[in-house]
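Side-chain atoms are counted along with the backbone in the values below, which use heavy atoms only and exclude waters and symmetry mates. Counting begins at 1 with the first residue of the sequence. Just so you know, ligand 1 is whichever comes first in the structure, and atom 1 is the first atom listed for that ligand.
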Amino acid sequence: GVPSTSPYVGATLTINGATIHFRVPAPLSSDQRADALLARMTQAQKLQFVAGAGGPVTNWYPLPLGASGYLPGIPDLGIPALYYVDGSLGLAYASAPSTALPSALASAASWDTDLAYKFGSVIGAETAAYGLNVNLGGNINLIGREPRDGRTFETKGEDPILAGKITAAHIRAIQDKHVIGGAKHYALNDQETGRTFADVQIDERGARESDLLAFEIALKDSKAQSVMCSYNLVNGVYSCENSHLLNDVLKKDWGFPGFVMSDWWATHSTVAAALAGLDQEQPDNPYFGGLGQAVADGRVPQSRLDDMVHRTLRAMFEVGLFDYPNTTGTIDTVADQAIAQQAEEQGAVLLKNAGGQLPLDPAAVHSIAVTGWNANVGVLSGGGSSQVFPTGAIIEGYPSLPGWSRAIWDPSSPLNAIQAMAPAATVRFANGTSASAAASLAGSSDVAIVFVAQWTSEGMDTPSLNFTDVIHAAPINQDALVATVAAANPHTIVVMENGGAQVMPWLGSVSAVLEAWFPGQRGAEAIANILFGAVNPSGKLPITFPGSVADLPHPTIAGTPNASVVFPVSYSEGYLVGYKWYDANHLTPLFPFGFGLSYTTFSLTNSYLSSSGRNFQVNVDVTNTGSVAGAEVVQVYLQLPDATGELPKRLVGWQKVFLQPGAKQSLIVDVEESDSSHPLSYWDTNSSSWQTAPGDYLVYVGNSSANLTQAGTVHVGS
Ligand code: BGC
């Protein structure tokens, strides 16, 4: 017999009715397969495997397949090359067209993890179809901490649990397509201003319960195989050589088995970075080119070099790069665009709808004025490394400058989509450069629809949260434009295309507002479906809209864009990010986290807790009390006992439910102490661990962070 501890598993075979039991070797784990390969690698091959190619040192440029990153394979050992490409909201690939999804923030605004999985599938499938195999997406910086951050649209908002679960769904979907997925930028990379010199100062509890928690959830729930460390410093140490972040938190506390790569040129040392837990320098090897010598001198142990290589090989086995080497094929444009449209339809948030202005009735509206820069041809997208290039993209800005100085409009025409929904109506267009022309068109129309757009990009933060000029090419003060149009027509509807939170000085004078984010390449069709009621909006804000920038934790962004020396950014607000900040400081936001309107109404009744203690269930009946079908997001928040010192309520769970008019459904939201989100626990700095305090936990249920009723009290014994 084979001892039960051996790597053999039982199997059976039935022949002529007789069952034969025998033992066969268990399939090797990814760790075992990685070790088997590692044992056959020379030192030179190992050293080649810890840094990307692509710069003056390795002298590889341009990279094969038009990738943004490249790790050459080792053909003698059958190890494939790695081709890295960006993609948080579609494959960001300049070499061939791909599908532009709406903002990742719109995916979060759907509060729908199944739909988020489909969103990730589009990215994964298109990446694999072009023969690329590492996705540089998964941007989960808690940028709601600084809503002016130019990359907010790539992220999933301000709440660690919502952001973590949505990002996990994206990453799982990507890895299911045999593409290595990951989360970035680890950690606390929450502003673009001076991003390579910003030294974030934050206490351990503040970090563990905010930005780090979002990473922890995303990584654990998805089994992500890579993490990208960030440009900034955290508590005085660059992230990519920060042993506390990489060794202690990521690898030890969370048990992360994959590899850590640097953000592009974010490595600052050889020995310090290697010892701190960086596994891969990207791109090029100005620092890790010296690793061979450092190992020879004994400054970096051989075991550490082996661990770096092991982690990358393991990731490759884990997502199937060896077992599924041929993924190339054609992109299913129709299916992928349908998901893009669905993601926008479920992610757009209706913020105001006075007097039931929306949905528009095509039979009753005879004339429509459409205003807005490019609203006749396209919808805006965000800039930077996540930029997707769909077929027919309209490129604008300073054409003589490289990509990031240009705005790209996805080819999806709001004017045409609106006309298609109201074929009998007279639909006229003014581009908004003349407010008086737009106002006179609005004044002679039944309704006016104004598209306001605010371009944001990696590499820069927005100076304000106002709608000023769209991009450099279109110097229109859009806040003034809206006010002028609204004065000419009381039925003015504003559709916003922007990166994150905004302020709206004209809010009181317009009848309806739809937050469309950067809506993606089927954005106009999705928006028109919502405006005319073919789709009932159900998105909920994943980020608080403040009353004014004066209410932000940092009214002024620290540092300057051209910083050349390290400067401090004090996150003294700790975990009080987003709604928690406003709650703790008794500030009323313009629109709260979790808020969004529908064309129907819902009532939440009969809420109670069906169990108590460390695992409990929140029961609530949801009824669609209006006259059209629609979806509601039922949200559960928890207030920890006073002894924890935890200030405001926190989101701990939710469910999105779709109901026909008059229909009622009983929902159960499970809250479990052991979930990756640590819903009942606080970070205890004394023991350096999550702790659940004995005491009473107040459970709230509602449909936004500011509209909650108490469902009961959970008692946790000591
Ligand atoms: C960005 C990353 C991106 C990388 C590669 C960096 O500038 O910060 O998000 O993945 O470039 O394109």
Side-chain angles (χ1 to χ4, degrees), residues 51-55 60-71 82-95 98 103-105 123 127 130 132-143 146 149-156 167 170-171 174 179-198 200 211 214-215 218 224-234 238-240 259-268 278 280-284 286 381-389 402-405 456-461 499 561:
W60 273 91
Y61 221 79
L63 300 178
L65 297 187
S68 337
Y70 176 55
L71 194 71
L82 294 180
Y83 302 92
Y84 306 64
V85 184
D86 282 291
S88 284
L89 40 134
L91 173 63
Y93 191 41
S95 305
S98 45
S103 298
L105 196 63
I123 302 170
T127 305
Y130 287 126
L132 310 159
N133 51 21
V134 184
N135 168 258
L136 302 173
N139 188 341
I140 192 177
N141 292 126
L142 273 191
I143 280 174
E146 176 44 79
D149 186 297
R151 302 187 80 167
T152 306
F153 70 94
E154 294 179 41
T155 76
K156 291 83 191 173
T167 304
H170 293 171
I171 297 171
I174 287 166
V179 170
I180 293 176
K184 71 183 184 185
H185 311 83
Y186 187 70
L188 292 140
N189 183 180
D190 297 337
Q191 67 173 52
E192 287 296 280
T193 302
R195 65 179 178 175
T196 53
F197 293 99
V200 170
D211 293 53
F215 276 94
Q225 292 302 317
S226 74
V227 163
M228 182 189 287
C229 50
S230 58
Y231 286 123
N232 53 292
L233 306 88
V234 175
Y238 272 109
S239 293
C240 291
F259 64 92
V260 178
M261 70 180 117
S262 66
D263 198 346
W264 263 231
W265 314 108
T267 310
H268 292 268
L278 180 68
Q280 208 178 89
E281 177 173 19
Q282 284 292 356
D284 217 354
S381 66
S385 59
S386 69
Q387 180 75 60
V388 179
F389 302 88
W404 292 8
S405 318
T456 63
S457 171
E458 177 180 346
M460 60 197 85
D461 296 323

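Contacts between Met261 and ligand 1 below 4.0 angstrom, taking non-hydrogen atoms only, are absent altogether. With a 4.0 Å cut-off on non-hydrogen atoms, Glu192 does not touch ligand 1 at all. Proximity of Tyr84 to ligand 1, defined as any heavy-atom pair under 4.0 Å, is not found for any part of the residue.
Residue-ligand proximity, Lys184 to ligand 1, at heavy-atom distances under 4.0 Å covers atoms 2 (C), 3 (C), 9 (O), 10 (O). Near Arg151, meaning under 4.0 Å from one of its heavy atoms, ligand 1 places the atoms 1 (C), 2 (C), 8 (O), 9 (O). Within the listing of ligand 1, atoms 1 (C), 2 (C), 3 (C), 9 (O), 12 (O) sit less than 4.0 angstrom from a heavy atom of Ser385. Short contacts between ligand 1 and Arg195, defined as distances under 4.0 Å to a heavy atom of the residue, involve ligand atoms 7 (O), 8 (O).
No side-chain donor-acceptor contact under 3.5 Å links Asp263 to the backbone of Cys229. Looking at Tyr231, its side chain does come within 3.5 Å of a backbone N or O of Trp264 through a donor-acceptor pair. Put simply, the side chain of Lys184 gets close to the backbone of Leu136: a donor and an acceptor are under 3.5 Å apart. Looking only at distances, no side-chain donor or acceptor of Asn141 sits under 3.5 Å from a matching main-chain atom of Asp211.
Assignment of Glu458 to the shell around ligand 1 is supported, since a heavy atom sits closer than 4.0 Å. Using a 4.0 Å cutoff on heavy atoms, Tyr231 counts as a contact of ligand 1. Remark: distances from the non-hydrogen atoms of Met228 to ligand 1 include one below 4.0 Å.
At a cut-off of 3.5 Å, with distance as the only test, a side-chain donor of Arg151 or His185 sits close to an acceptor on the other residue.
Closest heavy-atom approach to atom 5 (C) of ligand 1 among the candidates Asp86, Asn135, Val85: Asp86.
Residues Tyr84 and Tyr70 place their aromatic rings such that the two centres sit no closer than 6.0 Å.
Residue Val179 forms a side chain to side chain contact (heavy atoms under 4.5 Å, CB included) with just one option from Leu91, Val85, Ile123, Thr127, and that option is Thr127.
Interatomic distance, Asp86 CG to Tyr93 OH, rounded to the nearest 0.5 Å: 12.5 Å.
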